[in-house]
Amino acid sequence: MAGRLDEARRHTLKLVEPLTHEQLNRVYDPILSPLIWDLGHIANFEELWLVQRIGGREPLRGDLGELYDAIEQPRKIRGELPILRADEVRPYMDGVRERTLEVLREIELDPEDPLLADGFVYEMLLAHEYQHNETMLQLLQMVESYEPVEVDGAPAAEQVSDGPEMVRVEGGAHEIGAGPKGFAYDNERPRHRVDVATFLIDRTPVTNEAYISFIEETGAEPPMYWERDGEGGWVRTAMGRTEEVDPRLPVIHVSWEEADAFARWAGKRLPTEPEWEVAAAGANRDRANLDELSFGCAPAGAYADGCTSCGAVQMLGDVWEWTSSDFTAYPGFAAFPYPEYSEVFFGDTYKVLRGGAWATRRDVIRTSFRNWDLPIRRQIFSGIRCAGDDV
Ligand code: AVJ
Ligand code: FE
């Protein structure tokens with residue numbers, strides 16, 4: 001566990017290593033926290049759950065809990081809070097980590113305590129840091145001339161497979177959600193039965209090429225970060241680099257509204273959450289564009305050897321896929337370990353995304369994992385895979 005905690009932290013620090021203090025502190029967009037807030041929040045979450053709750057110790061600085069409370073402090077004001085700044089945040093992160101390792105050495109993983117059984121609280125801590133890495137990457141898209149410390153170029157070179165536009169998924173009684181064993185978030189539980197009618201699902205994510213046809217024909221807005229190149233084509237600027245839009249790549253940074261409009265334009269619809277998870281059965285996350293270091297998508301149709309039982313490709317990795325479903329509780333849901341992770345977001349305000357993106361760490365994604373956001377949001381690494389009825 002100490003090794004995994006260390007790996008997670010090295011990865012976080014690697015992402016921010018090229019940045020100046022000014023870039024760390026800067027508010028690039030009111031819908032995203034400054035990176036310096038994410039760093040302090042990652043450490044504060046660790047202090048709260050491991051050092052204080054499990055280790056029974058006092059916090060290093062009692063006033064920090066409130067500043068790093070994601071519910072108390074909306075993103076748009078995080079830049080103005082008296083949070084730890086560039087030279088204070090690293091000593092805090094290191095100080096908390098030292099005490100976390102102390103607690104880890106002391107503690108017995110009591111199987112009777114749901115927080116400790118199978119190391120739940122440690123898995124939650126890792127998943128939390130991984131998820132904040134992805135939020136940080138959303139902001140890094142906006143940082144001019146960001147030069148990553150390490151880039152994995154392999155996904156771009158993956159071979160593209162051929163196959164039908166859509167594949168068929170047999171209906172009937174299926175089970176979705178996470179079983180009782182192992183780490184999963186409360187919103188993935190309990191595993192339960194769903195009845196789905198036979199349906200069709202796109203074999204690959206929707207490409208930039210298809211999305212260009214949609215915007216040219218309907219006048220819809222281009223995805224976030226796109227601009228006209230002046231000659232009728234499109235360019236995309238991320239991390240300060242402007243490149244021609246590659247027609248073969250999955251479209252990314254589109255809102256739910258746009259995804260839904262695209263699907264209807266294509267004579268299709270978005271999949272429901274149960275449909276998505278049934279179609280994803282058998283996906284191999286080790287053969288997927290995940291783990292953040294590709295800094296972009298693999299071409300649609302790549303990783304065919306990681307395909308699902310129904311033959312769908314890239315259901316894990318590359319782009320989060322919008323579903324038609326609202327983020328709601330599964331039947332028998334119980335908030336654990338705190339209602340602010342999932343429960344406070346249940347309702348008809350948020351839409352569910354599935355499958356993870358290139359910017360998602362591999363160890364946090366699984367076919368039952370549920371992500372959610374507002375239907376107008378595009379700063380997330382969101383794309384589209386359409387479904388259809390079997391006629
Ligand atoms: C699951 C991505 C919606 O960023 O609000 C991070 C993850 N929860 N810290 C978010 C999360 C607490 C969450 N999302
Ligand atoms: Fe958080």
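FYI, side chains are in, hydrogens and waters are out, and symmetry mates aren't considered; it's all heavy atoms of this structure. Computed from a predicted model, the values in this text were never measured in an experiment.
Side-chain contact between Glu258 and Trp322 is absent, with no heavy atoms from C-beta onward closer than 4.5 Å. Gln52 has its side chain within reach of Glu47: a pair of non-hydrogen atoms, C-beta onward, lies under 4.5 Å apart. Using a 4.5 Å cut-off on side-chain heavy atoms (C-beta onward), Tyr350 and Leu374 make contact. At least one side-chain heavy atom of Tyr92 sits under 4.5 Å from a side-chain heavy atom of Leu64. Leu5 is listed as a side-chain neighbour of Met1, based on a closest heavy-atom distance under 4.5 Å. Counting heavy atoms from C-beta on, the side chains of Leu81 and Trp37 come closer than 4.5 Å. Counting only heavy atoms from C-beta outward, the side chains of Asp363 and Leu126 never approach each other to under 4.5 Å. Looking only at side-chain heavy atoms (C-beta outward), Tyr28 and Gln23 come within less than 4.5 Å of each other.
The ring pair (Phe, Tyr, Trp, His ring centres under 6.0 Å) test applied to His21 returns no partner, not counting sequence neighbours. For Asp291, the salt bridge (Lys or Arg N to Asp or Glu O under 4.0 Å) partners at least two apart in sequence or on another chain are Arg361. Residues satisfying the salt bridge (Lys or Arg N to Asp or Glu O under 4.0 Å) test with Asp286, not counting sequence neighbours, are none. For Arg228, the salt bridge (Lys or Arg N to Asp or Glu O under 4.0 Å) partners at least two apart in sequence or on another chain are Glu216. Among residues two or more places apart in sequence or in another chain, the salt bridge (Lys or Arg N to Asp or Glu O under 4.0 Å) test is passed with Glu292 by none.
Under a hydrophobic-cluster definition in which Ile, Leu, Val, Met, Phe, Trp and Tyr are linked whenever side-chain heavy atoms come within less than 4.5 Å, directly or via other members, Val149 and Val151 are assigned to different clusters. Note on Phe345: it clusters hydrophobically with Tyr338, by side-chain heavy-atom contacts below 4.5 Å among ILVMFWY residues. Linking ILVMFWY side-chain heavy atoms closer than 4.5 Å, directly or via other members, places Leu15 and Leu32 in a single hydrophobic cluster. Residues Trp320 and Leu249 do not share a hydrophobic cluster, clusters being chains of Ile/Leu/Val/Met/Phe/Trp/Tyr side chains in contact below 4.5 Å. Residue Leu24 is not grouped with residue Val27 when hydrophobic side chains (ILVMFWY) are merged at heavy-atom distances under 4.5 angstrom, including chains of intermediate members.
In Glu66, the CD atom is not crowded: 12 or fewer heavy atoms of neighbouring residues, nucleotides or ligands sit closer than 6.0 Å. More than 12 heavy atoms of other shown residues, nucleotides or ligands fall within 6.0 angstrom of atom CD in Glu102.
Membership of the apolar cluster around Met166 extends to Leu200, as traced through chained side-chain contacts below 4.5 Å between ILVMFWY residues.
Distance OH/Tyr68 to CG/Leu39: 8.5 Å, rounded to 0.5 Å. With rounding to the nearest 0.5 angstrom, the CH2 atom of Trp372 is 11.0 Å from the CG atom of Leu353. To the nearest 0.5 Å, atoms OG (Ser368) and CD (Glu175) are separated by 12.5 Å. Rounding to the nearest 0.5 Å places CZ of Arg99 at 12.5 Å from CG of Leu101. Separating the CD1 atom in Ile215 from the CH2 atom in Trp234 is a distance of 4.5 Å, to the nearest 0.5 Å. From Arg78, atom CZ reaches atom CG of Leu67 across 11.5 Å, with rounding to the nearest 0.5 Å.
Asn208 places a side-chain N or O within donor-acceptor distance of the main-chain N or O of Asp246, the cut-off being under 3.5 Å. Listed for the Thr12 side chain is a donor-acceptor partner under 3.5 Å among the backbone atoms of Ala8. A distance-only check finds a donor-acceptor pair linking the side chain of Arg191 to the backbone of Gly177 [under 3.5 Å]. At distances below 3.5 Å, at least one donor-acceptor pair connects side-chain atoms of Arg354 with backbone N or O atoms of Thr367. When atom types are taken as modelled, the side chain of Gln141 and the backbone of Leu137 share a donor-acceptor pair closer than 3.5 angstrom. The backbone N or O of Gly171 sits less than 3.5 Å from a side-chain atom of Thr198, completing a donor-acceptor pair. Under the 3.5 Å distance criterion, the side-chain polar atoms of His174 are left unmatched by any main-chain donor or acceptor of Val194. With hydrogens and angles ignored, the 3.5 Å screen pairs no side-chain donor or acceptor of Arg285 with any backbone N or O of Arg366. Judged by distance alone, with hydrogens and angles left aside, the side-chain atoms of Thr308 form a donor-acceptor pair with the main-chain N or O of Ala279 at under 3.5 Å.
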Using residues 382-391 as the side-chain source, report each donor-acceptor pair under 3.5 Å to any protein atom, sequence neighbours left out, with the distance given to one decimal.
| from | atom 1 | to | atom 2 | distance (Å) |
| --- | --- | --- | --- | --- |
| Ser382 | OG | Val254 | O | 2.7 |
| Ser382 | OG | Ile380 | O | 3.4 |
| Arg385 | NE | Glu321 | OE1 | 2.8 |
| Arg385 | NE | Glu321 | OE2 | 3.3 |
| Arg385 | NH1 | Asp202 | O | 3.0 |
| Arg385 | NH1 | Arg203 | O | 2.9 |
| Arg385 | NH1 | Val313 | O | 3.1 |
| Arg385 | NH2 | Val313 | O | 2.8 |
| Arg385 | NH2 | Gln314 | O | 3.0 |
| Arg385 | NH2 | Glu321 | OE2 | 2.9 |
| Asp389 | OD1 | Arg269 | NE | 3.0 |
| Asp389 | OD1 | Arg269 | NH2 | 3.0 |
| Asp390 | OD1 | Arg168 | NE | 3.2 |
| Asp390 | OD2 | Arg168 | NE | 3.4 |
| Asp390 | OD2 | Arg168 | NH2 | 3.4 |

Contacts under 3.5 angstrom, residues 296-307 side chains, donor-acceptor by atom type, not counting sequence neighbours:
| from | atom 1 | to | atom 2 | distance (Å) |
| --- | --- | --- | --- | --- |
| Asp305 | OD1 | Arg287 | NE | 3.1 |
| Asp305 | OD1 | Arg287 | NH2 | 3.2 |
| Asp305 | OD2 | Arg287 | NE | 2.7 |
| Asp305 | OD2 | Arg287 | NH2 | 3.2 |

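A salt bridge is defined here as a Lys NZ or Arg NE, NH1 or NH2 lying under 4.0 Å from an Asp or Glu carboxylate O, and Glu46 with Arg9 meets this definition. Remark: Glu147 engages Arg241 in a salt bridge, criterion side-chain N to carboxylate O under 4.0 Å. No salt bridge links Lys351 with Glu257; every basic N to acidic carboxylate O contact stays at or beyond 4.0 Å.
Using the six-membered ring where Trp is involved, Tyr146 and Phe295 have ring planes that are tilted, between 30° and 60° apart.
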| Can Tyr330 and Phe333 be said to form a ring-ring contact (aromatic ring centres under 6.0 Å, His included), step by step? | CA-CA 5 Å; Tyr330 285 167; Phe333 167 85; 8.7 Å; no
| query | Run the side chain to side chain contact (heavy atoms under 4.5 Å, CB included) check on Leu84 and Ile36 step by step: do they pass? | reply | CA-CA 8 Å; Leu84 300 175; Ile36 201 80; over 6 Å; no
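Applying the ring-ring contact (aromatic ring centres under 6.0 Å, His included) rule to pairs touching residues 100-131 yields His41-His128, Phe45-His128, Phe120-Phe183, Phe120-Phe336, His128-His132, sequence neighbours excluded. Pairs passing the side chain to side chain donor-acceptor pair (under 3.5 Å) check and including a residue from residues 104-120, sequence neighbours excluded, read Arg57-Glu106. Within the structure, the side chain to side chain donor-acceptor pair (under 3.5 Å) test picks out the following pairs touching residues 80-90 (sequence neighbours left out): Asn25-Arg85. Legend: salt bridge (Lys or Arg N to Asp or Glu O under 4.0 Å) pairs involving residues 22-42, not counting sequence neighbours, sorted by first then second residue: Glu22-Arg26, Arg26-Glu144.
Under 3.5 Å, the side chains of Thr323 and Glu273 contain no donor-acceptor pair of N or O atoms.
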